Asker: 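Just dropping this structure here.
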Amino acid sequence: MTRLQDKYRKDVVPALMKENGYANVMQVPRVEKIVLNIGAGEAITNAKAIEAAQSDLSAITGQRTIVRRSTKSISAFKLRVGMPVGVKVTLRGERMYQFLDKLISIVLPRIREFAGVPDSWDGRGNYTLGLKEQTVFPEIEFDKVDKLRGLEITMVTSAKTDKEGHQLLELLGMPFVKN
């Protein structure tokens, strides 16, 4: 069991049960999965872009990536059906908690002029965070990066509302911007 899983069971669950008046432990929201996504639109002209994005995402997560392919043709972008446009990884269980712990305690503090993560909820308790570059992760060697790529991190929770999801992630240690 990871450090964050232990914190969730010992601290977060009792706090959320008390605050929201849940009758059963199974009603308490939890993080179900984390999806990491790198869009590689430059793969249309540069075939090596997908391979570089795959190696970066694999290094960050320790898990094999899935290549995402286009479903529509868009002539303005010279994009045809089936062309690779990005890579993604879905983390669950222990790997998810390890990644979330690394994100909160190591990666976010490494961002320059970091004042907290913004609120970007989807209305159903799921949170999405966008990073401008992949080099903030300690696994990425800056000298071997061919291009800075953005990274999207989506945390899917079992929370019914954004307020419950916010409480869950805040108690887990997510540094939200103070209003």
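Not measured: the values here are computed from a predicted model.
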Asker: Please check if atom CZ in Arg110 has more than 12 non-hydrogen atoms from other residues, nucleotides or ligands closer than 6.0 Å.
Answerer: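 Buried by this count: over 12 neighbours within 6.0 Å.
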Asker: Kindly indicate, with the supporting measurements, whether the criterion side chain to side chain contact (heavy atoms under 4.5 Å, CB included) is fulfilled by Thr90 and Ile66.
Answerer: CA-CA 9 Å; Thr90 302; Ile66 297 171; 5.8 Å; no
Asker: Work out which heavy atom in Pro29 is nearest to a heavy atom in Glu164; give both atom names and the distance.
Answerer: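 Heavy-atom minimum between the residues: CG-CB, 4.1 Å.
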Asker: First locate atom CD1 of Ile140, then atom OG of Ser55, and finally report the distance between them rounded to the nearest 0.5 Å.
Answerer: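 Going from CD1 on Ile140 over to OG on Ser55, the span is 7.0 Å.
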Asker: Could you please spell out the steps behind the side chain to side chain contact (heavy atoms under 4.5 Å, CB included) verdict for Leu16 and Leu168?
Answerer: CA-CA 8 Å; Leu16 286 175; Leu168 169 68; 4.1 Å; yes
Asker: Checking the side chain of Ser73 only, and the main-chain atoms of Val81 only, is there a donor and an acceptor separated by less than 3.5 Å?
Answerer: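 Checked: pair present.
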Asker: Would the distance check show the side chain of Lys102 and the main-chain N or O of Pro138 forming a donor-acceptor pair, the cut-off being under 3.5 Å?
Answerer: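 Answer holds: no.
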Asker: Which distance, rounded to the nearest 0.5 Å, do you find between the CG of Leu100 and the CZ of Arg95?
Answerer: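 Spacing of CG (Leu100) from CZ (Arg95) equals 15.5 Å.
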Asker: Mind running side chain to side chain contact (heavy atoms under 4.5 Å, CB included) on Phe99 and Gln63 for me, showing each step along the way?
Answerer: CA-CA 11 Å; Phe99 175 79; Gln63 194 167 306; over 6 Å; no
Asker: Taking the side chain as every heavy atom from C-beta outward, state whether Trp121 and Thr161 have any pair of such atoms under 4.5 Å apart.
Answerer: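 No; the side chains remain at least 4.5 Å from each other.
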Asker: Could you see if Leu36 belongs to whatever hydrophobic cluster contains Ile111? Use Ile, Leu, Val, Met, Phe, Trp, Tyr and a side-chain cutoff under 4.5 Å.
Answerer: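 Linked within one cluster.
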Asker: Identify the heavy atoms of Leu4 and Leu172 that sit nearest to each other, and give their distance.
Answerer: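 So the minimum-distance heavy-atom pair works out to CD1-O, 3.6 Å.
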Asker: If you look at every heavy atom in Arg69 and Gly82, which pair is closest and at what distance?
Answerer: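 Smallest interatomic distance, heavy atoms only, reads NH1-O, 3.1 Å.
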Asker: Would you say Tyr8 and Tyr22 are hydrophobically clustered, going by side-chain heavy atoms of ILVMFWY under 4.5 Å?
Answerer: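 Linked within one cluster.
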Asker: I need the Phe137 CZ to Leu151 CG distance, nearest 0.5 Å.
Answerer: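 Here the interatomic distance stands at 5.0 Å.
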Asker: Can a donor-acceptor pair be found between the side chains of Gln167 and Asn20 at a distance below 3.5 Å?
Answerer: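 Side-chain D/A pair, Gln167 to Asn20: present.
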Asker: Is the backbone of Arg30 close enough, under 3.5 Å, to the side chain of Thr157 for a donor and an acceptor to pair up by distance?
Answerer: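 Absent.
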Asker: Once you round to the nearest 0.5 Å, how far does CG of Asp162 lie from CZ of Arg124?
Answerer: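 Nearest 0.5 Å value for the CG-CZ distance: 10.5 Å.
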Asker: Distance-only, no hydrogens or angles: does the Thr2 side chain make a donor-acceptor pair with backbone N or O of Glu94 under 3.5 Å?
Answerer: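 Absent.
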Asker: What's the shortest heavy-atom distance between Gln54 and Val67, and which atoms?
Answerer: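 Taking Gln54 first and Val67 second, the nearest heavy atoms are NE2-CG2, 3.3 Å.
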Asker: Between Leu171 and Ala15, which heavy-atom pair has the shortest distance, and what is it?
Answerer: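 What the structure gives for the nearest pair is CD1-CB, 4.0 Å.
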Asker: Going by the angle between their ring planes, with limits at 30° and 60°, are Phe176 and Tyr127 parallel, tilted or perpendicular?
Answerer: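 Ring orientation of Phe176 relative to Tyr127: perpendicular.
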Asker: Going only through I, L, V, M, F, W and Y residues with side-chain contacts under 4.5 Å, is there a path from Leu91 to Val156?
Answerer: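 Shared cluster, no.
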Asker: Work out which heavy atom in Ser158 is nearest to a heavy atom in Glu32; give both atom names and the distance.
Answerer: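 Between these two residues, the closest heavy atoms are CB-OE2, 3.3 Å.
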Asker: I need the Met174 CE to Leu108 CG distance, nearest 0.5 Å.
Answerer: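 Between Met174 CE and Leu108 CG, I get 6.5 Å after rounding to 0.5 Å.
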Asker: Atom OH of Tyr97 and atom CG of Asp6: how far apart are they, to the nearest 0.5 Å?
Answerer: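 It is 11.0 Å, given to the nearest 0.5 Å.
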Asker: A side-chain contact here means heavy atoms from C-beta on lying under 4.5 Å apart; do Lys132 and Leu148 qualify?
Answerer: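 With C-beta onward as the side chain, the pair stays apart.
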Asker: So, the side chain of Asn37 versus the backbone of Lys88: is there a donor-acceptor pair under 3.5 Å, distance only?
Answerer: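 Not confirmed, Asn37 side chain does not pair with Lys88 backbone.
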Asker: I'd like to know if the side chain of Thr65 and the backbone of Val89 have a donor-acceptor N/O pair within less than 3.5 Å.
Answerer: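 Judged by distance alone, no pair lies under 3.5 Å.
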Asker: Considering residues at least two apart in sequence or located in another chain, which fulfil the salt bridge (charged side-chain N to carboxylate O under 4.0 Å, His left out) criterion with Asp101?
Answerer: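 Testing Asp101 for salt bridge (charged side-chain N to carboxylate O under 4.0 Å, His left out), a comparison that skips the adjacent residues, returns Arg3.
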Asker: With a 4.5 Å limit on heavy-atom distance, are the side chains of Leu103 and Ile34 in contact?
Answerer: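 They are not in side-chain contact.
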